[in-house]
Amino acid sequence: MRQGSLSVLFALCLLAPALQAQEPYSQPAPEPEAAPQQRLEVVPPQDAVTRETSAQLMQLREENQRLKALLQQQQANAEAPLLNDQQQWFAVGGGVGVLGFLFGVLATRGRRRRQWLN
């Protein structure tokens, strides 16, 4: 490795923690005393808007309950996978190791014979 690229790599390793640093948590400034009172003074909603909102709220709650029941039913019917994610990666790694070993044996098979001939 050349000296210049080694120094750049070293500099990046030293700067990596600084790049991942987070700013300290700052607390928000306290609000004036008049602000909470202003928030409490809300204009009462109209009856038609209230009824429409209530109807939408009930419809959304019913749909939410229906979807929750459907989700529970689907989760109960779902079959467990044969292998979990970690086991699948282990099997894939083992397969790659076996294939690499076989290719290595097949590739060096002809070289041994040539070495004896020399």
Side-chain angles (χ1 to χ4, degrees):
M1 186 178 261
R2 293 184 292 173
Q3 186 68 16
S5 60
L6 184 61
S7 61
V8 171
L9 182 62
F10 182 69
L12 287 176
C13 288
L14 290 177
L15 291 176
L19 294 176
Q20 294 177 359
Q22 297 178 356
E23 293 183 18
Y25 177 73
S26 62
Q27 295 179 351
E31 297 180 8
E33 295 296 326
Q37 292 175 353
Q38 290 175 354
R39 279 190 247 145
L40 295 176
E41 297 172 8
V42 178
V43 177
Q46 299 172 353
D47 288 339
V49 174
T50 305
R51 280 188 232 127
E52 182 180 325
T53 306
S54 298
Q56 288 177 349
L57 181 62
M58 290 300 295
Q59 182 182 8
L60 289 174
R61 284 183 178 163
E62 289 172 2
E63 184 179 1
N64 190 17
Q65 290 296 326
R66 183 183 60 82
L67 290 174
K68 282 182 181 179
L70 182 63
L71 177 64
Q72 289 176 352
Q73 181 184 13
Q74 292 296 326
Q75 286 177 344
N77 292 339
E79 296 179 14
L82 184 61
L83 298 174
N84 66 19
D85 194 41
Q86 188 177 12
Q87 291 170 335
Q88 285 178 345
W89 281 111
F90 181 79
V92 167
V96 167
V98 168
L99 286 175
F101 177 74
L102 290 176
F103 285 141
V105 167
L106 293 175
T108 59
R109 183 183 242 179
R111 291 184 187 165
R112 278 192 226 144
R113 291 180 184 165
R114 286 187 215 139
Q115 289 175 355
W116 284 102
L117 292 175
N118 289 336

Peer 1: Nearest 0.5 Å, what's the CG-OG1 distance between L60 and T53?
Peer 2: 11.0 Å

Peer 1: Sequence neighbours left out, what passes side chain to side chain contact (heavy atoms under 4.5 Å, CB included) with N84? Give chain and number order.
Peer 2: Q86, Q87

Peer 1: Applying side chain to side chain contact (heavy atoms under 4.5 Å, CB included), name anything that partners Q56, two or more places apart in sequence or on another chain.
Peer 2: E52

Peer 1: Which residues pass the side chain to side chain contact (heavy atoms under 4.5 Å, CB included) test with D85, not counting sequence neighbours?
Peer 2: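 Counting only residues at least two positions away or on another chain, D85 forms a side chain to side chain contact (heavy atoms under 4.5 Å, CB included) with Q88, W89.
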
Peer 1: Could you work out, with side chain to side chain contact (heavy atoms under 4.5 Å, CB included) as the rule, every residue matching Q59, not counting sequence neighbours?
Peer 2: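 Residues passing side chain to side chain contact (heavy atoms under 4.5 Å, CB included) with Q59: none at all.
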
Peer 1: Distance from L106 atom CG to F101 atom CZ, nearest 0.5 Å?
Peer 2: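 Rounded to the nearest 0.5 Å, the CG-CZ separation comes out at 9.5 Å.
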
Peer 1: Just list the side-chain donor-acceptor pairs under 3.5 Å for residues 61-82, sequence neighbours left out, or say none.
Peer 2:
unit_1, atom_1, unit_2, atom_2, d
N77, ND2, Q73, O, 3.4

